[in-house]
There are 2 protein chains.
Amino acid sequence: MDFSKHPQYIESFQRADSIEEIHAVCGELAGDLGFGGFLYGARLPTSLADAATIIITSYPEGWRERYEEKRYIHVDPTITHTHNNVTPLTWDRISYSGKNGEKIRQFMNEATEFGLHAGATLPVHSGQGEAAMLNVFSDSSSNKEQQRILSSLPHLQMLATYAHESVRRIIEIREIAPAAPVLTTRERECLLWTAEGKTSWEIGQILGISERTVIFHLQNAGDKLNVSNRRHAVARAISMGLLAPHIA
Amino acid sequence: MDFSKHPQYIESFQRADSIEEIHAVCGELAGDLGFGGFLYGARLPTSLADAATIIITSYPEGWRERYEEKRYIHVDPTITHTHNNVTPLTWDRISYSGKNGEKIRQFMNEATEFGLHAGATLPVHSGQGEAAMLNVFSDSSSNKEQQRILSSLPHLQMLATYAHESVRRIIEIREIAPAAPVLTTRERECLLWTAEGKTSWEIGQILGISERTVIFHLQNAGDKLNVSNRRHAVARAISMGLLAPHIA
DNA sequence: TCCGAACCTGTAAGAACTGACAGTTATTTC
DNA sequence: GAAATAACTGTCAGTTCTTACAGGTTCGGA
């Protein structure tokens with residue numbers, strides 16, 4: 001297969017500044033590599049329990065409708081795989097055992113009705129629970145085609161990271177998530193111990209300062225995080241990555 | 001370049017059940033692909049502010065000592081890149097501008113003294129803040145070599161995910177992190193609203209149950225999470241991914 | 001039919017947190 | 001030298017959490 005346009009796709013992804021452009025690049029590369037269509041899907045957490053879902057796809061209209069209608073998102077093995085893995089998945093290796101096995105088999109059978117006979121899923125994860133996947137499908141499941149898919153996996157995987165990078169860049173520009181405030185050392189320390197369940201008094205003992213001072217720092221941290229109690233502060237700080245282990 | 005052994009490496013990674021075996025596979029593939037050495041590094045968060053660091057490497061002894069001694073982990077641009085990106089980095093594209101530019105230049109210069117003339121970094125992220133990278137270096141930085149590195153990136157990237165997968169599998173077997181408990185729907189709901197800063201009474205209003213019942217559920221959740229107050233429960237639940245947005 | 005799991009509710013005392021009062025000290029920056 | 005920032009400390013009233021007491025209902029599986 002011809003991978004010579006690989007660098008061009010990467011450049012196109014890096015230049016893209018709208019979802020439509022990303023769609024175009026994905027479509028082009030899927031076509032060039034001989035695939036029948038693609039689907040890029042990402043979930044970008046915006047708050048604790050909410051996430052923005054971005055879908056960029058050239059899947060057949062009928063299949064997308066069916067998928068919606070039957071709520072196949074709860075069955076789709078490519079999504080499960082992406083959640084639990086970092087490695088590529090070729091669809092011929094999907095397992096039909098387990099309690100959802102029958103549902104999955106039906107799902108895959110229905111997919112073939114719309115031309116998705118074979119394909120692969122390339123997971124991409126980024127920090128803080130962001131997850132994305134690039135699916136490509138082929139309208140044949142011959143041995144030769146399976147082999148072709150297999151050999152294009154490395155390139156697809158790499159392109160998937162660039163696709164994801166550009167989506168993140170574009171979405172971030174539009175500012176879905178609020179920026180994290182800058183905490184002082186003490187504020188971070190106090191928050192961290194709070195997250196470990198310590199009381200103000202205990203934290204004071206740990207840090208060698210008075211209980212009142214701990215309250216002071218936590219109050220300041222709370223103001224910066226725009227919250228009104230410690231439970232909320234802990235949740236915010238963690239999900240903003242403010243308490244994450246530092247390098248080294 | 002010859003990528004025909006690609007599937008063999010993958011199989012070896014999947015079969016490996018010790019860090020030493022992973023070392024061997026990485027060494028083999030780096031050698032086969034013409035690289036002078038490799039470094040796989042991962043940070044697997046174990047608790048809120050702590051992470052296990054796993055390093056598997058064939059870097060020159062002298063360079064590793066120097067790196068330790070000078071605490072280059074704070075300077076190393078491959079680590080910064082891995083933290084902030086999902087895409088591969090070829091070392092010739094490292095930027096020397098910015099406030100740490102001079103330090104980074106010195107770092108890279110010293111690296112060349114030990115034979116690291118060119119190379120690439122392949123980031124791998126998995127859920128819950130886990131991050132890893134595969135570095136490979138070459139003892140020449142000729143144009144031809146740069147080209148060679150570039151063309152092997154897709155394969156390296158894919159192999160990096162398999163390397164990371166096997167490390168995760170091995171480490172998980174040895175149980176660094178405790179398993180997440182199963183929460184009931186109500187427990188999860190109450191915890192979620194608690195993480196949003198709501199009081200018991202408020203949560204009762206939201207869920208249409210009494211304040212006492214909310215306390216009851218939070219108590220049970222706390223017991224399962226093995227914590228003694230809500231701040232700790234919120235922290236635990238979030239960092240275990242129990243409150244993460246469901247696929248819907 | 002009995003059991004466990006999930007869900008629901010009440011009272012009450014003491015511990016912990018929150019918010020508003022009112023400050024001090026040291027360091028850095030303009 | 002003034003201003004800003006980080007760190008530090010105290011009291012007090014009111015709110016919320018924690019723990020321990022003692023129950024009840026519903027539903028599905030053994």
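Letters A, B, ... mirror the listed sequences (proteins, then strands); counts begin at 1. No hydrogens, no waters, no symmetry mates; every other heavy atom, side chains included, goes into these values.
- Among pairs with a residue in residues 113-130 of chain B, those fulfilling salt bridge (charged side-chain N to carboxylate O under 4.0 Å, His left out) read B:Glu130-B:Arg168, at least two apart in sequence or across chains.
- Counting any heavy atom pair closer than 4.0 Å across all strands shown, A:Gln219 reaches a base atom.
- One N or O on the side chain of A:Lys224 and one on the backbone of A:Val182 form a donor-acceptor pair closer than 3.5 Å.
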Test log, rule side chain to side chain contact (heavy atoms under 4.5 Å, CB included), inputs A:Thr199 and A:Glu202: CA-CA 5 Å; A:Thr199 66; A:Glu202 288 170 325; 3.4 Å; yes
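- Rounded to whole Å, the distance from CG on B:Asp223 to C1' on D:dT19 is 11 Å.
- Note: CD (B:Glu211) to P (C:dG10) measures 10 Å, nearest angstrom.
- Of the side-chain N and O atoms in B:Arg231, one or more sit less than 4.0 angstrom from OP1 or OP2 of C:dC17.
- Between A:Arg212 atom CZ and D:dT9 atom P the separation is 10 Å, expressed in whole Å.
- The distance between atom CD1 of A:Ile215 and atom P of D:dT9, rounded to the nearest whole Å, is 12 Å.
- Contacts between residues 189-203 of chain B and DNA chain D, defined by a heavy-atom separation below 4.0 Å, involve B:Thr199, B:Ser200, listed by number.
- Each end of the helix from C:dT1-D:dA30 to C:dC30-D:dG1 yields a helix axis from five base pairs, and these two axes differ in direction by 50° (to the nearest 10 degrees).
- A sub-4.0 Å separation between OP1 or OP2 of C:dA16 and a side-chain N or O of A:Arg230 is absent.
- Looking at B:Tyr40 and B:Ile55, their side chains never come closer than 4.5 Å, going by heavy atoms from C-beta outward.
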Which atom pairs link the protein and nucleotides 4-8 of chain D when you take only N or O atoms and keep those under 3.5 Å?
unit_1, atom_1, unit_2, atom_2, d
D:dA7, OP2, A:Thr184, OG1, 2.5
D:dC8, OP1, A:Arg186, NE, 3.3
D:dC8, OP1, A:Arg186, NH2, 2.7
D:dC8, OP2, A:Arg186, NE, 2.6
D:dC8, OP2, A:His217, NE2, 3.0

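- Classified by interplanar angle (parallel below 30°, tilted 30° to 60°, perpendicular above 60°), the ring pair A:Trp63/A:Tyr72 is tilted.
- The environment of CD in B:Glu68 is sparse: at most 12 heavy-atom neighbours from other residues, nucleotides or ligands sit within 6.0 Å.
- Residue whose closest nucleotide on DNA chain D sits further toward the 5' end, between B:Leu218 and A:Val214: A:Val214.
- A search for side chain to side chain donor-acceptor pair (under 3.5 Å) contacts involving B:Arg105 returns nothing, not counting sequence neighbours.
- Within a 6.0 Å radius of CD in A:Glu11, no more than 12 heavy atoms belonging to other residues, nucleotides or ligands are found.
- Each of A:Gln205, A:Glu211, A:Arg230, A:Arg212 was scored for a side-chain hydrogen bond (donor to acceptor under 3.5 Å, both in side chains) with A:Ser200, with one residue passing: A:Arg230.
- Annotation: ring pair (Phe, Tyr, Trp, His ring centres under 6.0 Å) contacts of B:Phe137 (sequence neighbours excluded): B:Tyr59.
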Worked check of side-chain hydrogen bond (donor to acceptor under 3.5 Å, both in side chains) between A:Thr82 and A:Arg43: CA-CA 11 Å; A:Thr82 296; A:Arg43 279 185 76 76; over 6 Å; no
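- Counting any heavy atom pair closer than 4.0 Å across all strands shown, B:Asn220 reaches no nucleic acid atom.
- The separation between A:His232 atom NE2 and C:dG19 atom C1' is 18 Å, rounded to whole Å.
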